[in-house]
2 protein chains.
Amino acid sequence: MIASLNIKQVEKISKALGDPYRLKILKIISENQNFSKCCDISAEFNLAQSTMSHHIKQLVDADLLIAGKEGRNLKFVVNKEVCTAYVDYINSLVV
Amino acid sequence: MIASLNIKQVEKISKALGDPYRLKILKIISENQNFSKCCDISAEFNLAQSTMSHHIKQLVDADLLIAGKEGRNLKFVVNKEVCTAYVDYINSLVV
DNA sequence: TAAATACATCGAAATATATAAATATTTAAA
DNA sequence: TTTAAATATTTATATATTTCGATGTATTTA
């Protein structure tokens with residue numbers, strides 16, 4: 001369980017989700033079940049490494065991804081609790 | 001029931017949600033249960049009319065709001081089906 | 001320890017978005 | 001049929017974001 005999100009967090013998460021590359025990154029990581037390596041994800045895109053780093057940073061800063069370092073690699077999982085809290089916020093607009 | 005959203009639609013909806021004013025506009029409309037008048041919503045903000053119009057347009061263009069004209073007023077409801085479809089997309093990242 | 005790999009950060013250019021003033025359009029009321 | 005009210009559109013400017021190349025920092029391997 002996670003506390004409900006405030007409006008600033010919802011804004012940040014929404015911004016992070018408002019880009020096609022970042023949506024694809026999330027999808028790749030979510031489909032990879034376990035931790036996905038950063039360099040493997042980057043290989044799927046035709047973007048400079050610094051650009052990928054920037055996109056991933058936004059997803060991590062929005063708490064949509066949880067990052068873990070393994071040696072010189074970075075690995076990720078989708079943050080389920082934050083996704084759920086975000087979904088709760090959207091749903092609260094619908095009741 | 002609505003067809004599931006494609007990634008372009010998810011991107012557009014996320015962008016529309018990625019602004020504090022637009023989040024507040026949505027909240028006001030959702031809390032107002034029935035149709036909310038555009039000018040009443042605008043009165044809640046310290047923004048120029050053209051700016052409000054621009055924000056509301058983005059919410060309508062993203063299909064988050066359904067607009068209806070009543071005389072010279074515009075009224076809105078939250079589009080539940082689109083919210084639900086959006087939530088479904090986010091949830092699909094979590095499974 | 002030197003070289004290579006993985007990732008982050010910085011600086012600059014291009015593009016997109018937010019905001020507002022001015023103006024236009026539509027509809028209602030006088 | 002003027003006039004006023006509600007909203008949209010256009011234009012301009014300020015700010016934010018995207019992207020990349022160059023460079024920096026760890027960490028691993030030769």
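By convention in this document, chain letters (A, B, ...) are assigned in the order of the sequence lines, proteins followed by strands, and residues within each chain are numbered from 1.
One can place CD1 of B:I41 at 11 Å from P of D:dA8, the figure rounded to the nearest angstrom. Atoms CD (A:E11) and P (C:dT17) sit 15 Å apart, rounded to a whole Å. Here D:dA6 presents its C1' atom at 11 Å from CD1 of B:I56, a figure rounded to the nearest Å. Following rounding to the nearest Å, B:K57 (NZ) and C:dA18 (C1') show an atom-to-atom distance of 15 Å. Between B:K75 atom NZ and C:dT26 atom C1' there is a gap of 17 Å when expressed in whole angstrom units. Atom CG in B:L17 sits roughly 12 Å away from atom P in C:dA18 (whole-Å rounding). Between B:I25 atom CD1 and C:dA18 atom P there is a gap of 11 Å when expressed in whole angstrom units. One can place CZ of B:F76 at 11 Å from C1' of D:dA8, the figure rounded to the nearest angstrom.
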List, one per line, each side-chain donor-acceptor pair under 3.5 Å for residues 87-95 of chain B, sequence neighbours excluded.
residue : atom : partner : partner atom : Å
B:N91   : ND2  : B:V87   : O            : 3.4
B:S92   : OG   : B:Y89   : O            : 2.6

Using atom types as modelled, flag every donor-acceptor pair under 3.5 Å from a side chain in residues 20-27 of chain B to any protein atom, sequence neighbours excluded.
residue : atom : partner : partner atom : Å
B:R22   : NE   : B:A16   : O            : 2.8
B:R22   : NH1  : B:H55   : ND1          : 3.0
B:R22   : NH2  : B:K15   : O            : 3.0

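Qualifying side-chain contact (heavy atoms from CB on, under 4.5 Å) partners for A:E81, counting only residues two or more places apart in sequence or in other chains: A:I2, A:N79. Every residue two or more places apart in sequence or in another chain that forms a side-chain contact (heavy atoms from CB on, under 4.5 Å) with B:N6 is listed here: B:K8, B:Q9. By the side-chain contact (heavy atoms from CB on, under 4.5 Å) test, B:K12 is found to be paired with B:D61, B:A62, residues two or more places apart in sequence or in another chain being considered.
With hydrogens and angles disregarded, no donor-acceptor distance shorter than 3.5 Å links the side chain of B:T51 to the backbone of B:L47.
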- A correct 5'-to-3' footprint of nucleotides 17-30 of chain D, with B, S and - meaning base, sugar-phosphate only and no protein heavy atom under 4.0 Å, is SSBBBB----BB--
